[in-house]
Amino acid sequence: MAKAKTTRSGERAGRGGRPGAESAAPAGGRPRDPAIEEAIIRATRKRLATDGYSSMTIGDIVADAGVTRPTLYRRWANKYDLVIDALQYGLRKQREAYPPLDMEQMTPREALVEAVRRLDPRYHNERAMSLHGNFMAEVERAPGLLEQLREHGVRPRCEELLMTLVSLQRRGAVREDVDLDMVVTLCFGSYFADYLRTGRGVPDDFAERIVATVWPALAVDGEARSA
């Protein structure tokens, strides 16, 4: 009989050799209750923020969610798979919370402010900075966690700002010689820099202040004067 793979951290590997696996119970025949799954996901997200991936346990999660281990294992084979679904859940809820971005009804500067506001990792998720920190801390033990966050959280958020800047270039509001990728990096990094410097919640006017700082370097002469 083939032996289960073991990661460097000593955890048994689940689907695809991913870390964090524990033995899975056989699938049950009863219909799944979405409320139970959401309770488990919410408990997982809370434990991720407070304990971190390595320290959180399935026992803590099922206790917090008010379910049993077999109930959890009928849905997820291991801790890693559960955490990936918990991450996806949070990112989906965040996307659903974004208001429509109708650039045709906005001035170029207003459109840029709204796109920069959506960069905030804490948008509709006050624990986001802790989650980012925990995933970065686990990069040696579970590198897939940070890659999932980068692929499904960071990249779409940054690409929305990039596409907004490209659209503003086409409208003649942003200069053609601007390094748009660097603008995205500077704007996104501002949220992390402010959090690390102050530890505070994001100020209500933070996106406006970022744009007020970078707009004179981005806008064509007429747009910069009229803003």
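Just so it is clear, the values below take in all heavy atoms, side chains as well, and ignore hydrogens, waters and symmetry mates.
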> I need the minimum non-hydrogen distance between V211 and R109, along with the two atoms involved.
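Closest approach of V211 to R109: CG1-CG, 3.9 Å.
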> Before we go on, tell me: are the rings of Y98 and H124 under 6.0 Å apart, centre to centre?
no
> Can you check whether R117 reaches E208 side chain to side chain, under 4.5 Å on heavy atoms?
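Touching, per the 4.5 Å side-chain cut-off.
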> Go through the side-chain N and O atoms of Y89 and R42 and say whether any donor and acceptor fall under 3.5 Å apart.
yes
> Evaluate the side-chain proximity of R75 to L82: yes if any heavy-atom separation is below 4.5 Å, no if none is.
no
> To the closest 0.5 Å, what do you measure between OG (S55) and CD (E138)?
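It comes to 7.5 Å.
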> Apply side-chain contact (heavy atoms from CB on, under 4.5 Å) to V166 and R170, showing your working.
CA-CA 6 Å; V166 169; R170 292 170 179 166; 3.7 Å; yes
> Taking all heavy atoms of D194 and all of P203, pick out the closest pair and write down the distance.
OD2-CD, 4.0 Å
> Output the distance between atom CG (L72) and atom CZ (R69), rounded to the nearest 0.5 Å.
9.0 Å
> Could you measure the distance from the CD atom of E114 to the CE atom of M106? Nearest 0.5 Å is fine.
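Result: 5.5 Å between the selected atoms.
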> So, using side chain to side chain donor-acceptor pair (under 3.5 Å) as the criterion, who are the partners of E126 when residues are at least two apart?
none
> Should R197 and F192 be marked as a side-chain contact (heavy atoms from CB on, under 4.5 Å) after you check the CA-CA gap, both sets of side-chain angles, and the distance that decides it?
CA-CA 8 Å; R197 288 181 63 211; F192 291 90; over 6 Å; no
> Rounded to the nearest 0.5 Å, what separates atom OG1 in T50 from atom CZ in R127?
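Spacing of OG1 (T50) from CZ (R127) equals 7.5 Å.
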> Between K79 and I58, is there a side-chain heavy-atom distance shorter than 4.5 Å?
yes
> Considering only heavy atoms from C-beta outward, does the side chain of Q148 approach that of F135 to under 4.5 Å?
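No, side chains not in contact.
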> What pair of heavy atoms forms the shortest contact from G90 to R45, and how long is it?
CA-NH1, 3.3 Å
> Report yes if some heavy atom in the side chain of D120 is under 4.5 Å from a heavy atom in the side chain of Y195; otherwise report no.
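Contact flag for D120/Y195 side chains = no.
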> Counting C-beta onward and ignoring hydrogens, is there a side-chain heavy-atom pair between V116 and V214 closer than 4.5 Å?
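Not touching, per the 4.5 Å side-chain cut-off.
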> Check side chain to side chain donor-acceptor pair (under 3.5 Å) between Q94 and all other residues, then give those that pass, not counting sequence neighbours.
R157
> Measuring from atom CD1 of I36 to atom CZ of R74, what distance do you get when rounded to the nearest 0.5 angstrom?
8.0 Å
> I need the Q169 CD to T164 OG1 distance, nearest 0.5 Å.
12.0 Å
> For the pair L131 and N125, evaluate side-chain contact (heavy atoms from CB on, under 4.5 Å) and give the outcome as yes or no after the intermediate values.
CA-CA 10 Å; L131 293 175; N125 181 8; 4.0 Å; yes
> Going only through I, L, V, M, F, W and Y residues with side-chain contacts under 4.5 Å, is there a path from L186 to L168?
no
> Decide, yes or no, whether a salt bridge links D51 with K46 under the criterion of side-chain N to carboxylate O below 4.0 Å.
no
> Any sub-3.5 Å donor-acceptor pair from N134's side-chain atoms to S130's backbone N or O?
yes
> Are more than 12 heavy atoms, taken from residues, nucleotides or ligands other than R200, located less than 6.0 Å from that residue's CZ atom?
yes
> When clusters are formed by joining ILVMFWY residues with side-chain heavy atoms under 4.5 Å apart, either directly or through shared neighbours, do Y123 and M163 land in the same one?
no
> For D179, look at atom CG and say whether over 12 heavy atoms of other residues, nucleotides or ligands are found less than 6.0 Å away.
yes
> Please name the pair of heavy atoms, one in P121 and one in H132, separated by the smallest distance, quoted to 0.1 Å.
CB-CE1, 3.7 Å
> Mind listing the closest non-hydrogen atom pair of A115 and L161 along with its distance?
CB-CD1, 3.7 Å
> Find out whether L112 and L218 are in side-chain contact, i.e. whether some heavy atom of one side chain is under 4.5 Å from a heavy atom of the other.
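They are in contact (side-chain heavy atoms under 4.5 Å apart), so the answer is yes.
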> Using every non-hydrogen atom in the two residues, find where W215 and P108 come nearest and quote the distance to one decimal.
CH2-CB, 3.9 Å
> Give a yes or no on whether a salt bridge exists between R47 and D64, defined as a side-chain N under 4.0 angstrom from a carboxylate O.
yes
> Set out, in order, the CA-CA distance, both residues' side-chain angles and the distance that settles side-chain contact (heavy atoms from CB on, under 4.5 Å) for V174 and V220, then state yes or no.
CA-CA 6 Å; V174 169; V220 298; over 6 Å; no
> Is it the case that T71 and T68 place a side-chain donor and acceptor less than 3.5 Å from each other?
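Per modelled atom types, T71 and T68 side chains form a pair under 3.5 Å.
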> Less than 4.5 Å apart, any side-chain heavy atom of V154 and any of F188?
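Counting from C-beta outward, V154 and F188 do come under 4.5 Å.
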